[in-house]
Protein chains: 2
Amino acid sequence: MACQSVGEVDGTPYGAAGPMCSRDVSAGFPQPGHDHHPCRLRFVAGAEAVCREKGARLTRVRRQVLEILAASHRPLGAYDILEQMVSTSPSGRRPAPITVYRVLDFFQELGMVHRLSSRNAFFLCSQGGHRQTMPFWLCRECDTVTEASLPELEMAMPRRAAELGFSPISVQVEVEGVCPHCRARGRDPVMVEGCR
Amino acid sequence: MACQSVGEVDGTPYGAAGPMCSRDVSAGFPQPGHDHHPCRLRFVAGAEAVCREKGARLTRVRRQVLEILAASHRPLGAYDILEQMVSTSPSGRRPAPITVYRVLDFFQELGMVHRLSSRNAFFLCSQGGHRQTMPFWLCRECDTVTEASLPELEMAMPRRAAELGFSPISVQVEVEGVCPHCRARGRDPVMVEGCR
DNA sequence: CGTGAAAATGTGACACTATAACGTTTCTCT
DNA sequence: AGAGAAACGTTATAGTGTCACATTTTCACG
């Protein structure tokens, strides 16, 4: 499965799943004002592909959560998602928190959703579902989160683990800082419409 | 300040702060049945040194939390600490949660306590107070947590960040797996007395 | 079809984690 | 000693996550 870095701007992680955001992307960080529609389509199409491939059921609730996550480049808390389920749903019904967590667990097990543990927040994998070591780059200003590989880490980790006699099962790397767009804006902490 | 890897068994992170656990340590992972007393002394002495050096006040409550953390190689939740404060304290008084969190914040700002965000748990820095990138290695079986550097990561991170146009402010690396001692025990999930 | 097992979701309660706001005590410095 | 700052106490509450069990939906198989 294609799991290359988002940093590879012209890569096609999901195959030809739809128009890419190439023009709007700077090394994986979405432009604040970019047209999010293509990203969204790509996210959803990719998720559908993963489900199909793995024989997992993309139910109504799951699709709803998927759409909500796909509509954002920011990690969302479980209760944020819940609120959006209320306002999005035609019936306006409020699911119980456990429902959201169950859906998130489901997607996490498929590698389609990642949890940002420093923030108790979740975001959609932009690469089509993977579980390997892939650092998360989180902008402190606009809260955008991006995945971008760190090849040296992948090389060094097994060696260092062997040195320590440690058997790694999972690795989580969270880098917090300021993304290129916010840097360009002089690190102004003011939120920009659409930079979400 | 000395901030070398725990993996350097013969290093003296806290200067000559007390007897080391060298004989009991395997590449930084404390032996399940090891005599914890020296570790404890070293932890506390080191923390005292940091406070002295930075002019921070080591009050009664803070010392109490420090002692509790120093008595363990496992990360503790804030409420675990709270419970131990109740049972440890002569008066048996129960502080409010906020008290524990305040103390933890205090120590974290000095780099003396780290937070394991994947577990909402805290542990004492074994190196004398630092704030830089230092992976946490967490054993899934015995819950022991250890810090051990990953030099390649420190080298590669700035370069990769520059590539991405990202300005990193903090990096958190959490490696979960099985420590050498638990591996030797055949990954037996049974807790061993003293391996805490 | 239909039916039975498994998967998914609903429901209500509750445990765990963390912080806000404000009052009181303790410490430090002059 | 007294003023100001830091630390801590007190009460309340916000935010995050799970348990246990009931009900509904889905799917494979006869």
Side-chain angles (χ1 to χ4, degrees), chain A residues 47 51-52 54-69 74-86 88-110 112-123 143 174, chain B residues 47-48 51-52 54-69 74-86 88-110 112-123 143 172 174:
Chain A
C51 284
R52 224 173 9 252
K54 302 195 180 175
R57 277 146 63 173
L58 194 49
T59 64
R60 194 184 49 79
V61 192
R62 286 171 183 168
R63 177 172 289 276
Q64 200 182 357
V65 171
L66 178 63
E67 292 279 357
I68 289 166
L69 286 171
R74 300 173 49 176
L76 299 177
Y79 284 75
D80 295 336
I81 294 171
L82 202 154
E83 285 313 311
Q84 292 202 38
M85 288 175 83
V86 176
T88 301
S89 169
S91 62
R93 289 186 63 260
R94 173 181 302 270
I98 186 87
T99 299
V100 180
Y101 284 106
R102 282 197 280 231
V103 172
L104 291 171
D105 284 347
F106 167 82
F107 283 131
Q108 278 180 276
E109 264 160 38
L110 292 175
M112 295 165 59
V113 159
H114 301 306
R115 182 195 152 93
L116 204 57
S117 50
S118 61
R119 298 214 175 181
N120 302 324
F122 305 83
F123 63 99
D143 285 344
E174 298 184 9
Chain B
E48 282 168 345
C51 284
R52 223 173 11 251
K54 303 195 179 175
R57 275 148 63 175
L58 193 49
T59 64
R60 194 184 50 79
V61 192
R62 286 171 183 168
R63 176 171 291 275
Q64 199 182 356
V65 171
L66 177 63
E67 293 278 358
I68 289 166
L69 286 172
R74 300 171 51 176
L76 298 177
Y79 285 75
D80 295 336
I81 295 170
L82 202 154
E83 285 313 310
Q84 293 202 38
M85 289 174 81
V86 176
T88 302
S89 169
S91 61
R93 289 187 63 262
R94 172 183 302 272
I98 185 90
T99 299
V100 180
Y101 284 105
R102 280 197 281 231
V103 172
L104 290 171
D105 283 348
F106 166 82
F107 283 130
Q108 278 179 277
E109 263 160 38
L110 292 175
M112 296 165 58
V113 159
H114 302 307
R115 182 196 151 94
L116 203 57
S117 51
S118 61
R119 300 214 174 181
N120 303 322
F122 305 83
F123 64 98
D143 284 344
Q172 174 120 357
E174 298 183 10

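We name chains A, B, ... by the order of the sequence lines, and we start the count at 1 in each one.
Residues passing the side-chain hydrogen bond (donor to acceptor under 3.5 Å, both in side chains) test with A:R102, sequence neighbours excluded: none. Every residue two or more places apart in sequence or in another chain that forms a side-chain hydrogen bond (donor to acceptor under 3.5 Å, both in side chains) with B:S118 is listed here: B:E174. Every residue was checked against the side-chain hydrogen bond (donor to acceptor under 3.5 Å, both in side chains) condition with A:T88, not counting sequence neighbours, and none meets it.
In this model, a side-chain donor or acceptor of B:Y79 finds a partner on the base of C:dA18 within 3.5 Å.
Note that the CG atom of A:L76 and the CG atom of A:L82 stand 12.0 Å from one another [nearest 0.5 Å]. One distance of note links CZ of A:R119 with CG of A:D143; it measures 4.5 Å at 0.5 Å rounding. The distance from atom CE of B:M112 to atom CG of B:L58, rounded to the nearest 0.5 Å, is 7.0 Å. Atom-to-atom distance recorded for A:F122:CZ and A:D105:CG is 7.5 Å, nearest 0.5 angstrom.
Backbone-only engagement by A:R115 is indicated by non-hydrogen atom pairs under 4.0 Å involving sugar-phosphate atoms exclusively. Counting non-hydrogen atoms under 4.0 angstrom, A:R57 reaches the backbone sugars and phosphates but no base.
Each end of the helix from C:dC1-D:dG30 to C:dT30-D:dA1 gets its own rotation axis from five pairs of C1' atoms, and the angle between them is 30° to the nearest 10 degrees.
Note: CZ (B:F107) to P (D:dA7) measures 11 Å, nearest angstrom. Atoms CZ (A:F106) and P (D:dT25) sit 19 Å apart, rounded to a whole Å. B:R102 places its CZ atom 10 Å from the C1' atom of C:dT19, with the value rounded to the nearest Å. As a whole-Å value, the separation of A:E109 CD from C:dA7 C1' is 13 Å. A:L58 has its CG atom 18 Å from the P atom of D:dT25, to the nearest Å. When rounded to the nearest whole Å, the span between CG of A:L82 and P of C:dG10 equals 11 Å. If you measure from atom CD of A:E83 to atom C1' of D:dA14, you get 13 Å, rounded to the nearest angstrom. Put simply, CG on A:L110 is 14 Å from P on C:dA7, counting in whole angstrom units.
The side chain of A:R62 lies closest to C:dT9 when the candidates are D:dG17, C:dT9, D:dC27.
Annotation: proximity of residues 91-99 of chain B to DNA chain D (heavy atom, distance under 4.0 Å) is found for B:R93, B:A96, B:I98, B:T99, numbered in ascending order.
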Side chain to side chain contact (heavy atoms under 4.5 Å, CB included) assessment of A:R94 paired with A:E83: CA-CA 8 Å; A:R94 173 181 302 270; A:E83 285 313 311; 2.7 Å; yes

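Taking the nucleotide of DNA chain D with the nearest heavy atom to each of B:V61 and A:N120, the more 5' of the two is matched to B:V61. In terms of position on DNA chain C, the residue among B:D105 and A:T59 whose nearest nucleotide sits closer to the 5' end is A:T59.
Within the structure, side-chain hydrogen bond (donor to acceptor under 3.5 Å, both in side chains) pairs that include any residue of residues 56-68 of chain B comprise B:E48-B:R63 (at least two apart or interchain).
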